[in-house]
Each structure stands twice: as C-alpha cells, then as structure tokens.
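Side chains included, hydrogens not; waters and symmetry mates left out as well; all remaining heavy atoms used. Bear in mind the structure is a predicted one, so any value in this text is a computation, not a measurement.
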Amino acid sequence: MTHAPAAARVLLASALSVTALLTTASCLAGDRDVPRALPAGVPEEPPASPSAAASPAARPSPGAQTLNEEQLRAALLTEADLGEPWVAGRGAATWRDGMLKARTENADCHRLLDSLYTEELFGPPSGPSATATLDDASTDSQLRYQLAAHPPADVDRVLSWMDTLPEKCERFEATAAGAGGLLVEVAELPLPEAGDARAGLRLTMTGEASGGAPARLTVTVAAVRVGEETITLTNGGLGTVLPEVTQAMTQLGADRLTEIGRQERLRV
C-alpha cells in the first residue's frame, strides 16, 4: 500500500474514527494529494475550468452506456466504508427544513440553496439512480451519497457553474422560516483528482435555530462525473463537519464506480 493522501492523513488524526475509509481510499488513490484551493476570482462567464473539463483520454467513448440500478447500488458507499461512529441513515436531518430551506434575492445563490434542499443539483436523473444516507452518531451530521445517470454535457455545465459560486455567492443573506435571517458564506472545497470532472463547495449558514439559540450549519458538497454517471455527495450538520470525510469519500466512490464500470465493459 502506498502512503495515505493528505486528506486521509488529516482525517486519521481527527477525533472521529474512519479507519476503514482511510485505509481503502489510501490503497485506491495511492499518493494522489487533495489539491490546494485556487485563488478567488472566477470570471462571470468562464470557459470550462480544469475541474470541470475532462481530458480527451478521460472522456467516455461514443458507445459508453449507463449502468443499471443494480450496478449503481453495488457501487454505493455504506457505513462499513467509514466505520464508527457512522451508521445507516435514521431519517431526514432536522436542519434541512430549519435552515437549508431558505431564500435569497441573488438568483445563483438561491439556485444553490434550492438545489441542496431538493437534493437535485443536476435535476431529475435521465436514467437509473441509487442513494445512500449515512449519519454520524456522535455529531448528528448527515451524509447523502447519490449515483445517477445524467447527460455528460449537462453535468459539465453545472460543474462550471459551481466553480463560479465562491465568487458570486461568497457572502450573502438569506431567510429561512425556521431560522429567520441567515448569513451564508460559500467557498471552494478542493477535491482529489477523481473521475472525469468534478467541483466542490463548502457552505456555512449562521443564524438562530428554533427557540432563538445560535446555530451554525456547515454543508460540504462534492459533484463528480465518472463517464455517463454522476456522483453527488453532501455532508452537513450543526456540529463538526470534516471536509476530509467528503474528500476521501469522493475519491473512494469515484474509484469504486470506475471499477464497476470497467467490469461491466469487460463482461459485455
């Protein structure tokens, strides 16, 4: 086994136990480090960025086919990949309606909030899909992992749009029925070189929860295109939300999906 990537080394040193994930991701990813954040300042209408553009060698072949639902379910990540204290999801997180269901006047920022709340960053899937929800029993954070088929060109347009949000939505105000006024901040989340194209964001919402108590919601989101399939991963909560979990799960999930796709091509 090669040395663990930077994200895995940081996560291993944290208080949360995700040994199973880090070991697997380290073996699959080798020495691929999570890239550093790029400087802020994305043009209003940028060309496809390196994070959203696939190299010619990485693009799927013209005859590429989507995986079926059974294959996508086999590619899902589970609590076994993360280890304790992660468990199978126990229902929708309370902060979803309490804070994430919010509105703002800025069209791009509202689109981001709405996409995270409805869990349809790329819109309804054009083909099969599979979803897993995991809860961190120690912090009540919740991770949602979805695999779905979407047209690659549509996916790449959304990824390019996501790359502009750390500038367009760096800091804005929103209103939620359950939390009143919220201060929202959006920053880039650096991701491993996973899949064919990718984009990551870190969103924080500061305000008051029901009852007037101060609350701070953190949501990390990673989106990755792997051939004809797309990974959408969100990890959020009112407590500690480690970006390293999102980064490591992104790498592990993309590698697993790639391997299942490779096996299917060999079978055909």
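The heavy-atom pair separating A148 from S129 by the smallest distance is CB-CB, 3.7 Å. Closest heavy-atom contact between A75 and L257: CB-CD1, 3.9 Å. For the pair A222 and T246, the tightest heavy-atom approach, listed with the atom from each and the gap, is CB-CG2, 3.9 Å. In plain terms, the two heavy atoms of W86 and E79 that are nearest each other are O-CB, 3.5 Å. For G207 against L182, the heavy-atom pair with the smallest separation is CA-CD2, 3.7 Å. For the pair R256 and L76, the tightest heavy-atom approach, listed with the atom from each and the gap, is NH1-O, 3.2 Å.
Side-chain atoms of D81 come within 3.5 Å of backbone N or O of T78 as a donor-acceptor pair. With hydrogens and angles disregarded, no donor-acceptor distance shorter than 3.5 Å links the side chain of Q142 to the backbone of G89. Remark: the backbone N or O of T220 is not paired with any side-chain donor or acceptor of N235 at under 3.5 angstrom. Under the 3.5 Å distance criterion, the side-chain polar atoms of E229 are matched with a main-chain donor or acceptor of L67. Looking at T131, its side chain never comes within 3.5 Å of a backbone N or O of Q146 through a donor-acceptor pair.
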> When you look at T133 and R144, which way does the side-chain hydrogen bond (donor to acceptor under 3.5 Å, both in side chains) test go after all the steps?
Replying inline: CA-CA 4 Å; T133 302; R144 184 176 186 274; 4.9 Å; no
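With sequence neighbours left out, the side-chain contact (heavy atoms from CB on, under 4.5 Å) criterion links A149 to T66, S126, P128. Applying the salt bridge (Lys or Arg N to Asp or Glu O under 4.0 Å) test to R202 and every residue at least two apart in sequence or in another chain returns nothing.
Note that CG of L77 and CG of L134 are 8.0 Å apart. Values are rounded to the nearest 0.5 Å. Summarising the geometry, atom CG belonging to L100 is positioned 6.5 Å from atom CG belonging to L217; distances are rounded to the nearest 0.5 Å. With values rounded to the nearest 0.5 angstrom, L189 atom CG is found 9.0 Å from M162 atom CE. Here CG of L159 is found 11.0 Å from CG of D154. Values are rounded to the nearest 0.5 Å. With values rounded to the nearest 0.5 angstrom, T206 atom OG1 is found 7.0 Å from M99 atom CE. Taking CG of D136 as the start and CG of L82 as the end, the distance is 8.5 Å to the nearest 0.5 Å.
At a threshold of 4.5 Å between non-hydrogen side-chain atoms, the residues N106 and F172 do not count as touching. No side-chain heavy atom of T218 sits under 4.5 Å from any side-chain heavy atom of L203. Counting heavy atoms from C-beta outward, T250 and R198 have side chains that stay 4.5 Å or more apart. Looking only at side-chain heavy atoms (C-beta outward), P166 and L201 come within less than 4.5 Å of each other.
Taking a cutoff of 4.0 Å between a charged side-chain nitrogen and a carboxylate oxygen, E259 and R262 qualify as a salt bridge.
Around CD of E119, the count of heavy atoms belonging to other residues, nucleotides or ligands within 6.0 Å exceeds 12.
In the hydrophobic clustering of ILVMFWY residues, with side-chain heavy atoms under 4.5 Å counting as a link, V241 and V186 come out apart.
For the residue pair D108/W161, the side-chain donor-acceptor check at 3.5 Å is satisfied. Judged by distance alone, the side chains of T175 and R103 never bring a donor and an acceptor atom under 3.5 Å apart.
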Got a list of side-chain donor-acceptor pairs under 3.5 Å for residues 109-118, not counting sequence neighbours?
{"residue": "S115", "atom": "OG", "partner": "R111", "partner atom": "O", "Å": "2.8"}
{"residue": "Y117", "atom": "OH", "partner": "D97", "partner atom": "OD1", "Å": "2.5"}
{"residue": "T118", "atom": "OG1", "partner": "D114", "partner atom": "O", "Å": "2.8"}

